[in-house]
Amino acid sequence: MAPVALVDCNNFYASCERVFNPRLEGQPIIVLSNNDGCVIARSNEVKALGIPMGEPWFRIEKLAKRHGIVVFSSNYALYGDLSARVMGILGRFSPRQEIYSIDECFLGLDGFNPCDLRAYAQKIRQVVKQGTGIPVSIGIAATKTLAKLANHVAKKRVQFEGVCDFWQFNCAELDALFSALPVSEVWGIGRRITRRLEAMGITTVQDLKSADPRWIRQQFSVTVERTVSELNGTVCIELEDHATPKQQIISSRSFGTPVTGLQDLSEAVCSYTTRAAEKLRHQGSVAGSIGVFLETNPFKPDEPQYHPSLLIPLVAPTDDTRLLAQAALKGLERIFKPGFLYKKAGILLMSLCPRSEKPQSLFDNPLVESRSAKLMQIMDQINRTMGPDTLKLAGSGLQQPWRMRRSRKSPNYTTCWADLPTVIAN
DNA sequence: ATCACGGTTTGCA
DNA sequence: CTAACGTGCAAACCGTGAT
């Protein structure tokens, strides 16, 4: 049985802010979503106050002030950079690593003796903390679903000191543990399925583990059935140590203030397309079609609502930002209607396939194509070395009045020289 | 009756 | 002062027209 570890950073975004501002140690911290909309990360002190994840900021602003909570806009440049450092260190501890999200990864520990991996896990925690300042917790078990659960236990129970290894439990102990955990803690069991399971009398992890897999499949789906098998120690979800290319790439943002005009929407659509195209090239794919959508504010039911979308097939699959933006803007013009307060716009790249498998067409012009490829390469390189958006399409605009609010962003400590004077001044 | 499809909804993190 | 609620992805689902 090959052990799997799930390493997860504790309160990741809050911890990132603390790394560069140690005075925040022990202080309550929250980090807000894009547009300073709602709470997406909380330090332990804030969790203890009972402020839930996803809570809209405007509803807790007063409470936060009362408790002296330190509030940050999200700073993805900072979190992404620290994430890369943490992942780099973690990768040294196993030849098989699956980076699952910005703050967690699985490590395949095949070949390691499962008898006692706790010391190894403690070593991992110590090295990551020393190298980055970020505290992590580690769960170890036979399947990814169980490792996730073990990680949860490692975080929740202080006596485990950040590491929980299910191999250290016998059957009776495991039964007792699982009977004390709500079914909603299981990876893949979200709000909706939890509600339905509870209605059927399945309320704990143990209940779900001992449910009949065929019945679960019939009532729910293969996905939930797999989850049940994984709880029983049967591997159904393999470790994916090489990133599979995305089937679709979405780029969308809410606006800082409502937008009414086609000009502003065009700028937004143009820059979202630029970001998506960068991701597309990064994974070495081309897109066969591009979708555009607009949204008014659904939280204001009194205002006229309109959420159009349109899918535009491309003449030939491409990864050229200019061609993609052209198509997206043409689509935008077709769905745009004046007289609405738009809150959000976005684009989707679809029908993706590897550049190498792109079908040749009679109308391909090899000279034009190679120029396009070279131009995109140079753009990507300049933006990579000199900072994002150093070189962009004119259609993205300069003022960008629609940009999201981020009034409480910390400096980009690790990725922006220009931000450092702020740091020193503080 | 069955399948492939595309668009929409659901669900998760 | 006021108003203020994220994003990205895949799987499941569903209606349609072709076979």
Side-chain angles (χ1 to χ4, degrees), chain A residues 6 8-9 12-13 30-41 51-62 64 71 73-76 79-80 98-106 144-145 148 151-152 183-197 217-227 237 240 243-258 268 272 275-276 279-280 283 285 288-289 291-293 295-303 307-313 341 343-352 404-408:
Chain A
L6 189 265
D8 193 319
C9 302
F12 183 52
Y13 298 167
I30 67 178
V31 179
L32 300 175
S33 65
N34 279 342
N35 233 352
D36 294 344
C38 33
V39 175
I40 53 166
I51 294 177
M53 192 74 149
E55 188 68 6
W57 167 238
F58 70 87
R59 259 193 234 150
I60 55 156
E61 188 169 0
K62 285 229 173 74
V71 184
S73 302
S74 38
N75 182 351
Y76 283 104
Y79 311 152
E98 173 184 344
I99 297 174
Y100 177 69
S101 73
I102 193 163
D103 75 329
E104 56 190 306
C105 80
F106 293 100
K144 294 210 286 189
T145 304
K148 272 258 186 193
N151 187 279
H152 170 78
V183 71
S184 56
E185 289 303 337
V186 176
W187 187 35
I189 306 297
R191 233 188 23 242
R192 292 298 246 290
I193 294 177
T194 298
R195 203 148 43 89
R196 287 176 57 200
L197 284 170
R217 162 154 202 174
Q218 179 221 319
Q219 292 292 313
F220 296 92
S221 63
V222 276
T223 328
V224 183
E225 185 195 17
R226 280 193 203 116
T227 298
I237 308 171
E240 288 165 36
T244 52
K246 302 273 180 267
Q247 301 172 27
Q248 50 172 311
I249 294 169
I250 299 177
S251 179
S252 71
R253 283 282 172 285
S254 304
F255 304 128
T257 51
Y272 300 164
R275 285 196 53 244
K279 287 195 215 167
L280 182 72
Q283 70 166 28
S285 302
S289 55
V292 205
F293 65 89
E295 276 175 28
T296 46
N297 190 342
F299 295 102
K300 289 187 172 175
D302 297 341
E303 284 175 4
H307 35 96
S309 71
L310 183 66
L311 187 65
I312 304 115
L341 297 173
K343 186 70 174 66
K344 182 177 186 176
I347 67 102
L348 310 82
L349 301 181
M350 318 226 316
S351 324
L352 308 190
M404 63 183 179
R405 285 188 301 272
R406 291 165 93 190
S407 55
R408 300 155 177 276

Using the 3.5 Å cut-off, write out each protein N or O paired with an N or O of nucleotides 13-16 of chain C and the distance between them.
none

Selection from dG6(C), dC9(C), dA12(C) that lies nearest to any side-chain heavy atom of N35(A): dG6(C)
Between CD1 of I249(A) and NZ of K279(A), what distance do you get to the nearest 0.5 Å? 7.0 Å
Rounded to the Å, how far apart are W57(A) CH2 and dT2(C) P? 17 Å
Taking only side-chain N and O atoms of S254(A), does any of them lie within less than 4.0 angstrom of OP1 or OP2 on dT7(C)? yes
Would you mind classifying the nucleic acid contact of S101(A) as base, sugar-phosphate or nothing, using non-hydrogen atoms under 4.0 angstrom? nothing
Could you pull out the closest heavy-atom pair between A276(A) and I347(A), with the gap in Å? CB-CD1, 3.6 Å
Between Y13(A) and Y79(A), how do the two ring planes meet: parallel, tilted or perpendicular, split at 30° and 60°? parallel
Give one of base, sugar-phosphate or nothing for N297(A), where a contact means two heavy atoms less than 4.0 Å apart. sugar-phosphate
Would you indicate what R59(A) reaches in the nucleic acid, counting non-hydrogen atoms under 4.0 angstrom: base, sugar-phosphate, or nothing? base
Identify which nucleotide among dA10(C), dA12(C), dT7(C) has an atom closest to any side-chain atom of Q247(A), counting heavy atoms from C-beta outward. dA10(C)
Side chain of S33(A) only, please: which of dG6(C), dA12(C), dG8(C) is the nearest? dG6(C)
In whole angstroms, how far is the P atom of dG8(C) from the CZ atom of F293(A)? 8 Å
Nearest to side-chain heavy atoms of F58(A), which nucleotide of dG6(C), dC5(C), dA12(C): dC5(C)
S252(A) side chain vs A345(A) backbone, donor-acceptor pair below 3.5 Å: no
What is the distance from NZ of K246(A) to P of dT7(C), rounded to the nearest Å? 18 Å
So which atom in N75(A) and which in R406(A) form the shortest heavy-atom distance, rounded to 0.1 Å? CA-NH2, 4.0 Å
Starting at the 5' end of DNA chain C, which residue's closest nucleotide do you reach first, C38(A) or I250(A)? C38(A)
Within less than 4.0 Å of OP1 or OP2 of dT7(C), is there a side-chain N or O belonging to K344(A)? yes
Atom of L6(A), atom of C105(A) and distance for their closest heavy-atom approach: CD2-O, 3.4 Å
Quick note, S252(A) side chain, CB onward, closest among dT7(C), dA12(C), dC9(C) is dT7(C)
Quick one: pull up CD in E240(A) and NZ in K144(A) and give me the separation to the nearest 0.5 Å. 5.5 Å
Could you measure the distance from the CG atom of D8(A) to the CD atom of E104(A)? Nearest 0.5 Å is fine. 4.5 Å
Check every strand shown and say whether I40(A) touches a base, only sugar-phosphate, or nothing at a heavy-atom separation below 4.0 Å. nothing
Restricting to non-hydrogen atoms, name the atom on S251(A) and the atom on R275(A) that form the minimum distance, rounded to 0.1 Å. OG-NH1, 3.2 Å
Using atom C1' in both nucleotides, what's the gap between dG11(B) and dG6(C) to the nearest angstrom? 16 Å
Nearest-Å distance, CD (E240(A)) to P (dC9(C))? 15 Å
Write down the distance between OH (Y272(A)) and P (dG8(C)), rounded to a whole number of angstrom. 9 Å
Between the side chains of N34(A) and S254(A), does any donor sit under 3.5 Å from an acceptor? no
When we call it a touch if two heavy atoms are under 4.0 Å apart, what does L311(A) touch: a base, just sugar-phosphate, or nothing? sugar-phosphate
With a 4.0 Å cut-off on heavy atoms, is S74(A) in touch with a base, just the backbone sugar-phosphate, or nothing at all? nothing
Describe the nucleic acid contact of W187(A) in one word from base, sugar-phosphate, nothing, applying a heavy-atom distance below 4.0 Å. sugar-phosphate
Identify the heavy atoms of S74(A) and V31(A) that sit nearest to each other, and give their distance. CA-CG1, 3.8 Å
Assess the side chains of T145(A) and T227(A): does a donor N or O sit below 3.5 Å from an acceptor N or O? no
Can you tell me the distance, in whole Å, between the CG atom of L32(A) and the P atom of dC5(C)? 12 Å
Estimated bend of the helix from dA1(B)-dT19(C) to dA13(B)-dT7(C) (axis per five terminal pairs, rounded to 10 degrees): 20°
Which is the 5'-most and which the 3'-most nucleotide of DNA chain B that has an atom under 4.0 Å from a heavy atom of chain A? dG7(B) to dA13(B)
Could you state the CE-C1' distance from M350(A) to dC9(C), rounded to the nearest angstrom? 12 Å
For the pair made of CD1 in I237(A) and C1' in dA11(C), what is the distance, rounded to whole Å? 13 Å
Mind checking whether Y272(A) and F255(A) have parallel, tilted or perpendicular rings, split at 30° and 60°? parallel
